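Working notes, beginning with the structure itself.
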Amino acid sequence: MAMTVTKPGPAADTAAGTTRRAKNFKSRVLIPYAMLAPGIILFLVFMAAPIVYTLVLSFQKKKVSGLGLGKGSQSQVFAGLENYVSALTDPEFLGSVLRVLLYGLILIPLMLGFALLFALLLDSRRTRAGSFSRTAIFLPYAVPAVISSLLWGFLYLPGVSPFHFLARQFGVALPSLLDPNLVTFAICNIALWGGVGFNMIVMYTSLKAVPSEIYEAAKLDGCSEIQTALRIKIPIIAPSLVMTALFSMIATLQVFAEPTTLRPLANSLSTSWSPLMLVYRDAFTRNDVFSAAATSIVIAAATFIISFLFLRVVQKRAFGQEN
Amino acid sequence: MRKSFRAGAVAMLAAAAMLTAGCSGNSGSDNGSAANDPNQKVELTYWAWAPNLDKVVEVWNEKNPNIHVTVNKQDGGDPAVTKLLTAVKAGSGAPDLIQAEYQKIPTLVAADALADLSGTEANETKSHFPEGVWNDVTLGGDALYSVPQDTGPMVFYYRADVFEKLGLSVPTTWDQYAQAAKAVHAADPEAYLGTFSSNDAGWFTGMTQQARASWWGIDGDAWSVSIDKEATQKVAGYWGGLVEEGIIDNKPMYTPEWNTALNTGKQVGWLSAAWGPGVLSGNAGSTAGQWKVAPMPQWDAAKPSTGNWGGSSTAVTSQSKNLDAAAKFATWLNTDPEAVKALVTETGIYPADTEGAKSALTEAPAFFSNQPDFYDVVGDAAQSVSSFTYGPNVNVAYNAYNDQFAKAAQSKQKSAFLDAVKSMQQVTVEDLLQTGFTVK
């Protein structure tokens with residue numbers, strides 16, 4: 001690192017003091033901040049500024065005078081809490097939240113259960129073709145949600161689905177998964193297919209980090225594979241279970257691509273099926289960024305509160321041994 | 001804690017105030033000065049999504065070295081409008097010209113995104129276009145916001161071979177259409193004469209337009225919304241009845257399932273627009289030569305009319321510094337015989353220019369080679385498009401259509417279709433009132 005050297009001048013005594021202090025200031029304050037600058041700037045420009053701008057937008061609304069045609073007939077005015085009140089009292093928003101809660105209640109236990117089961121099976125001693133199975137289970141995660149929803153959409157539509165075709169050959173009429181009362185399961189299935197692999201890898205990685213002496217000790221004490229899994233492996237990887245649960249909850253609240261892609265295929269999904277679809281609709285279909293901003297802030301706050309509460313409840317049990 | 005909160009609130013208010021001031025700042029433009037000097041070179045940008053439009057523009061550029069137009073390809077009608085509205089808000093970044101769908105014009109005018117062309121040579125093109133189309137680009141007033149390019153007069157496509165096999169004649173009224181639908185479904189329980197699609201608001205709008213509905217209107221300084229009126233109720237009730245009876249399908253169009261049904265003859269007809277052949281040849285290629293076109297079934301056979309599904313126009317944006325040059329180009333593109341001919345051959349549109357369409361469209365499209373008078377039928381339909389006024393929140397009404405009619409189609413009940421019309425009206429009016437419009 002290049003440093004400038006101050007030449008000794010006439011008032012050498014005081015100058016030396018200043019130089020030392022300046023040097024001190026430089027090495028203690030300037031250099032660390034200079035090194036942090038890229039991170040801080042990126043955070044400010046791409047995180048903080050959009051959040052502040054969203055907040056600002058959420059307190060505004062569009063105001064029209066007369067027919068609203070022509071110059072200056074539309075302006076942006078301060079709306080107070082109006083957007084928030086209408087977001088929180090909107091039955092469509094409430095409906096979307098309830099739908100997503102049901103979706104999460106079905107999806108998260110299934111997804112984490114399967115992920116844990118696969119991770120334990122892959123980690124067990126008697127596994128064959130381990131790396132192949134691991135890749136096969138992980139692979140769907142690499143397929144973008146829009147693509148996988150299109151693929152599953154084909155499989156769901158009775159007119160083109162090979163499953164429905166086969167069932168018809170045997171004289172059985174399968175119900176359409178895109179019917180209103182089954183469509184939540186249809187979406188869960190897509191998310192499950194895509195999500196199990198990722199969660200499995202996280203759990204499997206933390207299983208691999210467990211020292212093997214523990215297993216040897218368990219084996220000497222006469223522990224079976226299943227007992228080892230239940231009494232040793234699962235408690236040890238509890239922190240990664242908590243983490244995957246948290247990530248899954250956040251992903252659930254933000255579900256968007258799957259229902260949006262399936263929507264045009266059937267009559268059972270509305271454009272406000274999930275909270276984020278509602279935000280998208282308000283911002284880009286109805287050209288009302290102000291309500292969309294308020295709803296986004298509400299969703300972000302809810303996500304934060306739920307994550308915080310969830311961690312409060314489980315962290316004692318999961319991370320207890322670390323304190 | 002409380003103090004810092006208050007300080008934060010004040011800061012936020014200040015920021016909000018600044019933002020408001022910033023956004024309502026001038027986005028005005030001084031129009032037309034550069035084009036007055038004929039020797040000065042003018043560069044125009046044009047946002048459009050019609051395929052191969054750049055080839056038509058090439059013809060212009062060769063003939064007019066002083067007014068050079070560059071086509072900037074867009075993803076489609078909706079994204080282009082969103083981009084334009086953003087550019088207008090930002091005060092810069094908009095093109096000179098934009099391809100604007102008719103139903104988007106009021107929204108764009110409301111956002112002050114379009115220039116008034118009534119003082120330019122584009123105003124002389126009125127005689128080229130059917131009255132209903134001209135109404136779309138003037139909003140019924142003295143201003144001119146756009147030059148019509150193409151239209152989608154609605155017609156009825158049907159499988160001539162299936163009709164012949166079942167001994168059916170082509171329906172000329174909606175009563176006959178219902179009877180034909182019954183016969184088709186009775187002959188093959190998996191086959192339908194058509195489907196009621198909750199995905200295609202433009203399609204339903206066209207059908208209500210045929211029944212002489214006009215969903216918005218201007219009354220002095222106020223807008224009126226007449227969705228939940230007799231004409232629309234009649235159309236919705238009719239389709240609700242057919243769906244309830246089970247003789248018309250209730251699944252959306254443009255799904256893999258629908259494409260398959262077109263191919264396998266399970267969809268025997270399609271109420272669509274002049275641009276239909278392109279879709280049919282792309283989605284149901286194996287059925288070429290088996291389809292025919294007929295006028296729409298009528299409510300009143302003595303007074304035939306039809307609606308419009310789709311179509312767009314060429315507008316000049318409010319940020320263009322070369323209003324006259326841009327208007328000159330828009331006029332040429334949509335009314336010059338050579339340009340219209342090029343539009344037909346290169347982009348495959350159905351031109352809005354009545355005379356241009358007649359001289360450019362002489363031969364039936366390849367998919368309909370079995371019907372030499374294809375464009376006579378379509379041309380007659382184009383003449384009978386009835387008038388329809390779009391309002392400043394078409395997007396909201398269309399979105400309400402998607403959600404409400406999806407529920408109705410799923411429930412298969414006529415009463416649900418009528419309720420859907422009611423909710424559309426309610427949502428549309430509430431949105432206008434909330435934004436501060438006066439609604440009568």
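These figures come from a predicted structure and were not determined experimentally. So that the names make sense, note that chain A is the first sequence line, chain B the second, and so on, each numbered from 1.
- Atom OH of A:Tyr84 has more than 12 neighbouring heavy atoms from other residues, nucleotides or ligands inside a 6.0 Å radius.
- When heavy atoms are compared at a cutoff of 4.5 Å, A:Asn287 approaches chain B by way of both its backbone and its side chain.
- Looking at every heavy atom in both residues, B:Ser198 comes nearest to A:Asn267 through OG-OD1, 2.6 Å.
- With a 4.5 Å cut-off on side-chain heavy atoms, B:Val427 and A:Arg286 count as touching.
- Below 4.5 Å, heavy atoms of chain A meet heavy atoms from B:Pro256, B:Glu257, B:Thr260, all part of residues 256-268 of chain B.
- Minimum heavy-atom separation, A:Lys63 to B:Gly436: NZ-CA, 4.0 Å.
- In terms of heavy atoms, A:Pro264 sits closest to B:Asn199 at O-ND2, 2.7 Å.
- At a threshold of 4.5 Å between non-hydrogen side-chain atoms, the residues A:Asp179 and B:Gln410 count as touching.
- In terms of heavy-atom pairs under 4.5 angstrom with chain B, the leader among A:Leu178, A:Leu269, A:Thr271 is A:Thr271.
- Enclosure of atom CZ in A:Phe256 by more than 12 non-hydrogen atoms of other residues, nucleotides or ligands within 6.0 angstrom is indicated.
- Within 6.0 Å of OH in B:Tyr254 there are more than 12 heavy atoms belonging to other residues, nucleotides or ligands.
- Neither the backbone nor the side chain of B:Pro79 comes within less than 4.5 Å of any heavy atom of chain A.
- For chain B, the option among A:Ser272, A:Ser268, A:Pro180 with the highest count of heavy-atom pairs below 4.5 Å is A:Pro180.
- Contact annotation for B:Ala409: both backbone and side-chain heavy atoms come within less than 4.5 Å of a heavy atom of chain A.
- In this structure, chain B has no heavy atom under 4.5 Å from any part of A:Tyr156.
- Here the side chains of B:Pro252 and A:Leu265 are not in contact, with every heavy-atom distance at 4.5 Å or above.
- Side chains of A:Ser270 and B:Asp403: a donor-acceptor N/O pair is absent below 3.5 angstrom, by distance only.
- Annotation: B:Asp142, atom CG; neighbour count of heavy atoms from other residues, nucleotides and ligands within 6.0 Å does not exceed 12.
- Atom NZ of B:Lys83 has more than 12 heavy atoms from other residues, nucleotides or ligands within 6.0 Å.
- Ranked by heavy-atom pairs under 4.5 Å with chain A, the list B:Asn402, B:Leu108, B:Thr82, B:Asn250 is led by B:Asn250.
- Here the CG-NZ distance, from A:Leu157 to B:Lys251, works out to 8.5 Å after rounding to the nearest 0.5 Å.
- One distance of note links CG of B:Asn393 with CG of A:Asp288; it measures 11.5 Å at 0.5 Å rounding.
- Residue B:Leu114 does not touch chain A at all, counting heavy-atom pairs closer than 4.5 Å.
- No more than 12 heavy atoms of other residues, nucleotides or ligands lie within 6.0 Å of OH in A:Tyr280, so this atom counts as exposed by the packing criterion.
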